[in-house]
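Hydrogens, waters and symmetry mates are skipped; everything else that's a heavy atom, side chains included, is used.
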Amino acid sequence: ARLHEVGLAVSFHSYHKHGAYLIANSAMSGFSRDEQRMLANLVLAHRRKLARPEIDDAPKLTRTYTRQLAVILRIAVHLNRTRSWQPLPDITLSTKGRSVTVGFPGDFLAGHPMTQTDFDDEAAYLAAAGIALTVS
């Protein structure tokens, strides 16, 4: 998660692609090439399209973990959009098959319309990858 914005050092435009390139092509001691490739794919998949050829070409086990971790990272990024030190309310997350449910307490989303909009957009991106996101 700490690396997901590393591409901003190159450019804001397509920073997830720049970040994936930097991670994939840097000397990162302590990481195997497969681990580095997985990290690069996570950074690439953390915004916009989740279904990507780079992930589809990875070994099956890595591909499955990368997709699962990418969904979690994407949700975390949306929850941290304000970069506030204010604690978030108790949020629930549950999964069943290819469905993910994120639950907010009370009228939190009514008081945070941009968060609602972010999650509406995210639901569309995940639906394109065959994952149903429900936010309540």
Note to self: Tell me if a side-chain donor or acceptor on Asn80 pairs with a main-chain N or O of Ala76 at a distance below 3.5 Å.
What the structure shows: no

Notebook entry, point to check: Any sub-3.5 Å donor-acceptor pair from Thr62's side-chain atoms to Ala58's backbone N or O?
Noted result: no

Next item on the list: Please name all residues satisfying salt bridge (charged side-chain N to carboxylate O under 4.0 Å, His left out) with Glu35, sequence neighbours left out, ordered by chain then number.
Entry: none

Check: Who are the salt bridge (charged side-chain N to carboxylate O under 4.0 Å, His left out) partners of Arg37, not counting sequence neighbours?
Finding: none

Note to self: Please list all pairs meeting ring-ring contact (aromatic ring centres under 6.0 Å, His included) that have one or both residues in residues 79-101, counting only residues at least two apart or in different chains.
What the structure shows: none

Note to self: Listing request: all ring-ring contact (aromatic ring centres under 6.0 Å, His included) pairs with a residue in residues 56-75, at least two apart in sequence or in separate chains.
What the structure shows: none

Checklist line | Met38 versus Leu69, closest heavy-atom pair with distance | finding: CE-CD1, 3.5 Å

Validation: residues 3-11 side-chain donor-acceptor distances under 3.5 Å, sequence neighbours left out:
| residue | atom | partner | partner atom | Å |
| --- | --- | --- | --- | --- |
| His4 | ND1 | Ala1 | O | 2.6 |
| Glu5 | OE1 | Arg83 | NH2 | 3.0 |
| Glu5 | OE2 | Arg83 | NH2 | 2.1 |
| Ser11 | OG | His13 | N | 3.2 |

Notebook entry, point to check: What distance do Leu42 atom CG and Thr66 atom OG1 have between them, rounded to the nearest 0.5 Å?
Noted result: 5.5 Å

Margin query: Tell me every residue that passes side chain to side chain contact (heavy atoms under 4.5 Å, CB included) with Leu93, counting only those two or more places apart in sequence or in another chain.
Written below: Ile75, Val100, Val102

Item checked: With sequence neighbours excluded, residues passing side chain to side chain contact (heavy atoms under 4.5 Å, CB included) with Asp56 -> Arg63, Arg67

Could you go through residues 43-55 and list every donor-acceptor pair under 3.5 Å that involves a side-chain atom there, pairing it with any protein atom two or more places apart or in another chain?
| residue | atom | partner | partner atom | Å |
| --- | --- | --- | --- | --- |
| His46 | ND1 | Val43 | O | 2.8 |
| His46 | NE2 | Tyr15 | OH | 3.4 |
| Arg47 | NH1 | His16 | ND1 | 3.3 |
| Arg52 | NE | Leu44 | O | 3.3 |
| Arg52 | NE | Lys49 | O | 2.9 |
| Arg52 | NH2 | Arg47 | O | 3.4 |
| Arg52 | NH2 | Lys49 | O | 3.3 |

Could you pull out all donor-acceptor pairs under 3.5 Å where a side-chain atom in residues 122-136 meets a protein atom, sequence neighbours excluded?
| residue | atom | partner | partner atom | Å |
| --- | --- | --- | --- | --- |
| Glu122 | OE1 | Arg74 | NH2 | 3.3 |
| Glu122 | OE1 | His78 | NE2 | 2.9 |
| Glu122 | OE2 | Arg74 | NE | 2.4 |
| Glu122 | OE2 | Arg74 | NH2 | 3.1 |

Next item on the list: Could I get the full list of side-chain hydrogen bond (donor to acceptor under 3.5 Å, both in side chains) partners for Arg2, not counting sequence neighbours?
Entry: none

Checklist line | Residue pairs fulfilling side-chain hydrogen bond (donor to acceptor under 3.5 Å, both in side chains) with at least one residue in residues 93-117, sequence neighbours excluded | finding: Gln116-Asp120

Checklist line | Any side-chain heavy-atom pair of Phe108 and Asp90 under 4.5 Å | finding: no

Notebook entry, point to check: Are side-chain heavy atoms of Pro59 and Leu61 found at a separation under 4.5 Å?
Noted result: no

Checklist line | Co-members of the apolar cluster containing Val77 [side chain, <4.5 Å] | finding: Leu73

